[in-house]
Peer 1: 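Structure in structure tokens, see below.
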Amino acid sequence: FLSACKYNEKLQKYTFELFISRKNDKVKDNVFWTTPIPIESLNLPDVSNTHVTFGYDLLREKSMLYFASDRPGGRGGFDIWYSYYNPKNQQLGQAIHGGGKINTTRDDYAPFFHVPTNTLYFSTNGRGGLVGLTYLNPHY
């Protein structure tokens with residue numbers, strides 16, 4: 001999973017989209033990964049989705065994709081969102097907001113899920129700190 005940016009003429013700024021690329025079992029011409037394909041279920045027009053990390057929900061026993069987005073329905077700026085991954089059809093579900101325990105009214109970026117401790121870390125400028133973005137573990 002990855003994100004890539006492009007210039008959005010309508011908004012006159014760069015926006016990011018999420019993509020998936022799979023490891024290529026048949027290596028040909030030193031190409032080890034398939035061409036990235038946009039994740040249509042998560043990408044929205046005029047919205048940025050970036051900072052992708054994979055996690056695991058122990059209660060539901062499901063893999064999930066965390067990402068930062070400025071999509072509608074957030075608390076303000078960029079928020080942390082997630083989507084459950086279905087291994088049977090290799091598809092991601094709808095985007096789910098991380099909620100107020102994680103997200104602030106400012107920017108929340110760069111989620112990182114530490115699988116051995118089942119801990120989500122991320123950066124925010126909505127909880128104080130000495131400079132800009134602070135790296136937090138909200139005990140999620």
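Atom set for the values below is all heavy atoms of this structure, side chains included, hydrogens, waters and symmetry mates excluded.
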Peer 1: Verify, without hydrogens or angle tests, whether Ser83 (side chain) and Gly93 (backbone) share a donor-acceptor contact under 3.5 angstrom.
Peer 2: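 Checking the backbone N and O of Gly93 against the side chain of Ser83, a donor-acceptor pair under 3.5 Å is found.
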Peer 1: Begin with the C-alpha distance, continue with both residues' side-chain angles, and end with the deciding distance and a verdict on ring-ring contact (aromatic ring centres under 6.0 Å, His included) for Phe54 and Phe1.
Peer 2: CA-CA 8 Å; Phe54 220 59; Phe1 295 93; 5.3 Å; yes
Peer 1: Could you tell me whether the side chain of Arg71 reaches within less than 4.5 Å of the side chain of His97, counting heavy atoms only?
Peer 2: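 They are not in side-chain contact.
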Peer 1: If Ile, Leu, Val, Met, Phe, Trp and Tyr residues are connected whenever their side-chain heavy atoms lie under 4.5 Å apart, and connections chain through other members, are Met64 and Val115 in the same group?
Peer 2: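 In one cluster with Met64: Val115, yes.
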Peer 1: Quick check: do Tyr85 and Leu92 have side-chain heavy atoms less than 4.5 Å from each other?
Peer 2: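 Contact flag for Tyr85/Leu92 side chains = yes.
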Peer 1: Has the side chain of Ser3 got a donor or acceptor atom that lies under 3.5 Å from a matching backbone atom of Glu17?
Peer 2: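 Checked: no pair found.
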Peer 1: Minimum heavy-atom separation for Pro36 and Ser21, please, with both atom names.
Peer 2: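 Heavy atoms of Pro36 and Ser21 come nearest at CA-CB, 4.2 Å.
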Peer 1: Distance from Asp79 atom CG to Ser69 atom OG, nearest 0.5 Å?
Peer 2: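 So the gap between those two atoms works out to 8.5 Å.
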Peer 1: Is any side-chain heavy atom of Leu120 closer than 4.5 Å to one of Ile102?
Peer 2: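 Of all side-chain heavy-atom pairs linking Leu120 with Ile102, at least one is under 4.5 Å.
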Peer 1: Nearest 0.5 angstrom please: Ile80 CD1 to Thr104 OG1, how far?
Peer 2: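 It comes to 9.5 Å.
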Peer 1: Should the ring pair His114 and Phe112 be called parallel, tilted or perpendicular, given that the plane angle runs from 0 to 90° and is split at 30 and 60?
Peer 2: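 Ring orientation, 0 to 90° scale: tilted.
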Peer 1: With a 3.5 Å distance limit and no angle check, can you tell me whether Asp107 reaches the backbone of Phe78 through a side-chain donor-acceptor pair?
Peer 2: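 A pair under 3.5 Å: yes.
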Peer 1: State, with a plain yes or no, whether a side-chain heavy atom of Thr124 is found less than 4.5 Å away from one of Arg106.
Peer 2: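 Not touching, per the 4.5 Å side-chain cut-off.
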Peer 1: Roughly how far apart are Cys5 SG and Lys13 NZ, rounded to 0.5 Å?
Peer 2: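 It is 12.5 Å, given to the nearest 0.5 Å.
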Peer 1: Hey, quick one: are Leu42 and Val52 part of the same hydrophobic cluster, counting side-chain heavy atoms closer than 4.5 Å, chains of contacts allowed?
Peer 2: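 Yes, same cluster.
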Peer 1: For the residue pair Phe113 and Tyr66, categorise the inter-ring angle as parallel (less than 30°), tilted (30 to 60°) or perpendicular (more than 60°).
Peer 2: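 Parallel.
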Peer 1: Decide whether Asn118 and Tyr56 meet the rule of one side-chain donor and one side-chain acceptor closer than 3.5 Å.
Peer 2: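 Per modelled atom types, Asn118 and Tyr56 side chains form no pair under 3.5 Å.
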Peer 1: State whether the side chain of Thr34 and the backbone N or O of Arg22 hold a donor-acceptor pair below 3.5 Å, judged by distance alone.
Peer 2: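 Indeed, once roles are kept as given, a pair shorter than 3.5 Å links the two residues.
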Peer 1: Backbone N or O of Ile39 within a donor-acceptor pair of the Ser41 side chain at under 3.5 Å?
Peer 2: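 Checking the backbone N and O of Ile39 against the side chain of Ser41, no donor-acceptor pair under 3.5 Å is found.
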Peer 1: For Lys10, what residues pass the salt bridge (charged side-chain N to carboxylate O under 4.0 Å, His left out) criterion, not counting sequence neighbours?
Peer 2: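 Per chain and number, Lys10 pairs via salt bridge (charged side-chain N to carboxylate O under 4.0 Å, His left out) with Asp46.
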Peer 1: Do the side chains of Ser123 and Asp108 get nearer than 4.5 Å, heavy atoms only?
Peer 2: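 Asp108 vs Ser123: side chains apart.
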Peer 1: CG of Leu65 to OG1 of Thr53: how many Å apart, nearest 0.5 Å?
Peer 2: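 With rounding to 0.5 Å, CG (Leu65) is 8.0 Å from OG1 (Thr53).
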Peer 1: If you round to the nearest 0.5 Å, how far is CH2 of Trp81 from CG of Asp70?
Peer 2: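 It is 10.0 Å, given to the nearest 0.5 Å.
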Peer 1: If hydrophobic clusters are built from ILVMFWY residues whose side chains come within less than 4.5 Å, do Ile20 and Phe67 share one?
Peer 2: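 They do share one cluster, since a chain of ILVMFWY contacts under 4.5 Å joins Ile20 to Phe67.
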Peer 1: Do Val47 and Tyr14 share a hydrophobic cluster (ILVMFWY, side-chain heavy atoms under 4.5 Å, transitive)?
Peer 2: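 No, because Val47 and Tyr14 fall into different hydrophobic clusters, even though each may have its own neighbours under 4.5 Å.
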Peer 1: Given side chains that start at C-beta, do those of Tyr84 and Arg60 come closer than 4.5 Å, heavy atoms only?
Peer 2: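 The answer is yes, as the side chains (C-beta and beyond) meet within the 4.5 Å cut-off.
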Peer 1: Run the salt bridge (charged side-chain N to carboxylate O under 4.0 Å, His left out) test against Lys88 and tell me which residues pass, sequence neighbours left out.
Peer 2: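 Per chain and number, Lys88 pairs via salt bridge (charged side-chain N to carboxylate O under 4.0 Å, His left out) with no residue.
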Peer 1: Can you measure from CG (Leu18) to NE2 (His51) and round to the nearest 0.5 angstrom?
Peer 2: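 Spacing of CG (Leu18) from NE2 (His51) equals 11.0 Å.
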